[in-house]
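I have placed the structure first, in the form of structure tokens, so that the comments after it can refer back to it.
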Number of protein chains: 2
Amino acid sequence: MRVSRKTAEKNRETVVRTASEQFRTYGYDGIGVANLMKAAGLTQGGFYKQFKSKDALEIEATELALEENLELWSQAMDGASDPVQVLKDWYLSPQHVSAVGKGCTYATLGAEATRQGSEMQHVFGTAIEQQVTALAGKLGDPAETRQVAIRTMAQMIGTLILARAVSDADLQDEILQAGRGA
Amino acid sequence: MRVSRKTAEKNRETVVRTASEQFRTYGYDGIGVANLMKAAGLTQGGFYKQFKSKDALEIEATELALEENLELWSQAMDGASDPVQVLKDWYLSPQHVSAVGKGCTYATLGAEATRQGSEMQHVFGTAIEQQVTALAGKLGDPAETRQVAIRTMAQMIGTLILARAVSDADLQDEILQAGRGA
DNA sequence: ATTATCTATAGATCTATAGATAATGC
DNA sequence: ATTATCTATAGATCTATAGATAATGC
């Protein structure tokens, strides 16, 4: 039953990574500790030896998801001559629309974060600040870049949420196209 | 205990209206039938004589919330010479940011709707289509108006979600200002 | 000997139902 | 007599804890 400390550390990371995808897919309240641990290949009993509470895991999993976000945006824009257009095309692709669990955390959990208390808001606040700074760095005019970066982020997030909320394929297409344009 | 049919119908409407606010505030999974009925001034036992299931109430309450949305946007733009700017100023005001329960349903429940099954997606799809059509009707150039309407909606929704996800007042202000500008 | 994970379960909460109560509506 | 709402509760599920099990690490 017992595993080595190295394996235990790996198991813990697997739980956080699994949770970061499951929360994005089902919401914080949409999946319980038992199913989370099962999805990570473990049993529920071990959970509270690794984490203080489900709330604590929500924070850790969200931090990981938001770090991945930052990394993915960076990669998408890397070396592009028109970084914003490349970012939009990647972010608003059908692949990202259907990749809910591995996709943008702002779009999946941003609205729920508002209800999760001040610690979660702090996690989102820090991440948004970093994301805006990183995106602004890719742009030209330093005076307006932060405002442009925020508008670009908001536009993409709002577009992805609308596209996903819709079942009609034509309307979804129209929404994504609008987001990619101007 | 029993009340007149007229009162019973009124009670049912109170439950739907209360639910439309409570779901926006706490999420579909964040409030139970017992607390919902208590918030409407009734007890939980009567619920299932009025509604088939909690899912059925979620659909009805969301339909009502989305109808109110359409109405509010319309009112905000009514008679304005620059309807989009007026709409943005109203939508991205500090009042709307804090009025979660009575505020925009796309921003509070749009991401969760994706997980609630095809019936809920259909409800959102229909509402989005109506909202886009109504907003496009307020704009000029008929060729691009739907795309502009969608972009405006997405931008506002994304901005509101980001603003609410943040606890830092300065960052929230910066986000809202970016959304109101160009 | 220590401890990572397991099985089992306590206690709270959630959806849904059953049957009692009392006012309406024929 | 009918029925809108109430109290009470069944059964499922959720978070969290207790104690058993068996492999690691001194």
Side-chain angles (χ1 to χ4, degrees), chain A residues 1-62 109 112-113 115-117 119-120, chain B residues 1-62 109 112-113 115-117 119-120:
Chain A
M1 294 199 145
R2 187 182 172 188
V3 300
S4 72
R5 279 177 200 164
K6 205 173 156 184
T7 305
E9 181 53 32
K10 221 169 212 164
N11 283 345
R12 192 183 192 283
E13 282 166 18
T14 302
V15 173
V16 178
R17 188 165 17 86
T18 303
S20 91
E21 296 185 13
Q22 299 273 308
F23 286 145
R24 276 179 276 182
T25 306
Y26 302 112
Y28 294 119
D29 294 339
I31 180 137
V33 169
N35 282 325
L36 263 173
M37 290 299 272
K38 193 191 257 181
L42 297 163
T43 57
Q44 56 182 319
F47 181 84
Y48 292 91
K49 298 278 149 68
Q50 286 178 322
F51 303 95
K52 199 187 132 207
S53 65
K54 193 191 172 191
D55 274 13
L57 175 65
E58 289 172 5
I59 294 285
E60 270 195 61
T62 303
L109 295 171
E112 279 168 80
R115 313 174 193 127
Q116 298 283 331
E119 198 177 351
M120 187 65 88
Chain B
M1 293 197 147
R2 187 181 173 187
V3 299
S4 72
R5 279 176 201 166
K6 204 174 156 182
T7 305
E9 181 53 33
K10 220 169 211 166
N11 284 344
R12 192 183 191 283
E13 282 166 20
T14 301
V15 174
V16 178
R17 188 166 17 85
T18 304
S20 92
E21 295 185 14
Q22 299 273 307
F23 286 145
R24 277 179 275 183
T25 306
Y26 302 112
Y28 294 119
D29 294 339
I31 180 137
V33 170
N35 282 326
L36 264 172
M37 290 298 275
K38 194 191 257 180
L42 297 162
T43 57
Q44 55 181 320
F47 181 83
Y48 291 91
K49 299 277 149 67
Q50 287 178 323
F51 302 95
K52 199 187 130 208
S53 63
K54 194 192 172 191
D55 273 12
L57 176 65
E58 290 172 5
I59 294 286
E60 270 196 63
T62 303
L109 294 172
E112 278 167 82
R115 314 176 192 126
Q116 298 283 333
E119 197 177 351
M120 187 65 89

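The model shown is predicted, which means the values in this text are computed figures rather than measured ones.
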* Residues from residues 33-51 of chain B lying under 4.0 Å of DNA chain D - heavy atoms -> L42(B), T43(B), G45(B), G46(B), K49(B), Q50(B)

* Structure fact -> DNA chain C nearest-nucleotide lookup for R5(A) and S4(B): closer to the 5′ end is R5(A)

* Asked: Hey, is CD on E119(A) packed in by over 12 heavy atoms from elsewhere, all under 6.0 Å?
  -> no

* When you measure from the side chain of K54(A) to the backbone N and O of Y28(A), does any donor-acceptor pair fall under 3.5 Å? -> yes

* Asked: If you round to the nearest 0.5 Å, how far is CZ of R12(B) from CD of E60(B)?
  -> 4.0 Å

* Asked: Does N11(B) put a side-chain nitrogen or oxygen below 4.0 Å from OP1 or OP2 of dA4(D)?
  -> no

* Asked: Atom CZ of R12(B) and atom C1' of dT5(D): how far apart are they, to the nearest Å?
  -> 15 Å

* Structure fact -> To the nearest angstrom, the CZ-P distance between R2(B) and dA20(C) comes to 18 Å

* Asked: Nearest-Å distance, CD1 (I31(A)) to C1' (dT15(D))?
  -> 14 Å

* Strand DNA chain D as a dot-bracket string - pairs counted if Watson-Crick or G-U with both distances under 3.5 Å, | where the partner lies in another strand -> ||||||||||||||||||||||||..

* **Spacing of CZ belonging to F23(A) relative to OH belonging to Y26(A), to within rounding of 0.5 Å** => 12.5 Å

* Structure fact -> CG (N35(A)) and CD (Q44(A)) are apart, to the nearest 0.5 Å, by 9.0 Å

* **Atom pair CZ (R2(A)) and OG1 (T7(A)), whose distance is rounded to the nearest 0.5 Å** => 11.0 Å

* Asked: So how far is it from L42(B) CG to N11(B) CG, rounded to the nearest 0.5 Å?
  -> 5.0 Å

* **Rounded distance (Å) that lies between atom P of dA16(C) and atom NZ of K54(B)** => 9 Å

* Asked: Partners of T25(A) by side-chain contact (heavy atoms from CB on, under 4.5 Å), sequence neighbours excluded?
  -> none

* How many Å lie between CG on D29(A) and P on dC14(D), as a whole number? -> 11 Å

* Structure fact -> To the nearest angstrom, the CG-P distance between L57(A) and dT15(D) comes to 11 Å

* Do F47(B) and L36(B) come within less than 4.5 Å of each other through their side chains, counting heavy atoms only? -> no

